[in-house]
Amino acid sequence: MNEIFKKIKQNDLTIIAGPCAVESEQMIFSIAEKIKEAGVHILRGGAFKMRTSVHDFQGLGKEGIKMLRAAADKYNLPIISEIVDVRDMELFCEWVDIIQVGMRNMYNYPLLRALGKTEKPVLIKRGMGATLEEYLKAVEYVEQGGNRQIILCERGVRGFDVATRNILDVGAIALLKKGSGYPVFADPSHAAGRTDIVPQLCYSAVAAGADGISIEVHENNEKALSDGAQAVDIETLKKIIKTMKKIKEIKEV
Ligand code: PEP
Ligand code: MN
């Protein structure tokens, strides 16, 4: 078993943090340094972005992946980044430690099949309209290729209320923990869509049994090229981590 996946299985709570997208070398090195100091385990950063609008920032591509790698290596952190196209598989296998499948690609079965043939841990996000049954069936596409290093991630499902971007399904976290045998993560940033309630969603995910949390962080979120409205700053991240650890200590939860 891959060392990083082994650690995730052993850890009580694994923390992934970083920007939605890698925007520049300076930005990712600065965030990597600060999140390392905050006790984060894995650096995240998108280089290939699945933006709703084709006019929005699409990511730095291969250069972004290389920047993420260089920043993480400097601070001794593993990296996770999202693959959007099966044709990038070789690039991801060479440069990235954990490959993320975003919610839009949960139904991309050729991509999932190809990931099943790799030896990389794969974090698969639940589609925003996917039932748990559909989600676990998507996971089977990776399993069937022989790759069992799978991390599940609840990132919010679509609701009717625009007050939040999505609805964090804490019941799903609890159910996936019961049945799947895989580490279950939560992504409160994409569920909230707004910075102010990211801490509370982190705490509820941990209380529901999450094994890990993925949080978007930015040092100047007004200038962020994607998802600035939901990014927390480093000080908030530190507070979130401290409180999540306390909640994790309550074994009865
Ligand atoms: C992301 O992690 O930046 C992302 C795009 O996530 P999702 O696929 O959950 O929207
Ligand atoms: Mn994002």
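All residue numbers in this chain count up from 1 along the given sequence. Just so you know, these numbers come straight off a predicted model, no measurement behind them. Each ligand, and each atom within it, is numbered from 1 in the order the structure gives.
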Under 4.0 Å from a heavy atom of [X]: which atoms of ligand 1 are those, numbered in the order shown and with their elements?
X	answer
Q100	1 (C), 2 (O)
K125	1 (C), 2 (O), 4 (C), 6 (O), 7 (P), 8 (O), 9 (O)
G102	8 (O)
C20	3 (O)

Pair [X] + [Y]: basic N to acidic O under 4.0 Å:
X	Y	result
E154	K125	no
D233	K34	no
K49	D56	no

| query | Quick one: does E216 get within less than 4.0 Å of ligand 1, heavy atoms only? | reply | yes

* Under the side-chain contact (heavy atoms from CB on, under 4.5 Å) criterion, do L152 and Y135 qualify, and how do the steps go? -> CA-CA 9 Å; L152 305 177; Y135 184 31; 3.5 Å; yes

Taken by chain and residue number, the protein N/O/S atoms under 2.8 Å from the Mn ion (ligand 2) read C20 SG, H190 NE2, E216 OE2, D227 OD2

Do L168 and I124 sit in the same hydrophobic cluster, where Ile, Leu, Val, Met, Phe, Trp and Tyr count as joined when their side-chain heavy atoms come under 4.5 Å apart?
->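 Hydrophobic grouping puts L168 with I124.
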
I want to know if ligand 1 touches K49 in the polar sense, i.e. an N/O pair below 3.5 angstrom. yes

Side chain to side chain contact (heavy atoms under 4.5 Å, CB included) filter on L225, not counting sequence neighbours, yields E23, F57

In this structure, atom 10 (O) of ligand 1 is nearest to the protein heavy atom R155 NH2, 2.9 Å

Q. For atom 4 (C) of ligand 1, which protein heavy atom lies nearest, and how many Å away is it?
A.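 Here the closest protein heavy atom is H190 NE2, 3.4 Å.
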
Query raised in the report: Should one rank E82, E154, M103 by closest heavy-atom distance to atom 8 (O) of ligand 1, which comes out on top?
Result: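 Result: the heavy atom closest to atom 8 (O) of ligand 1 is in M103.
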
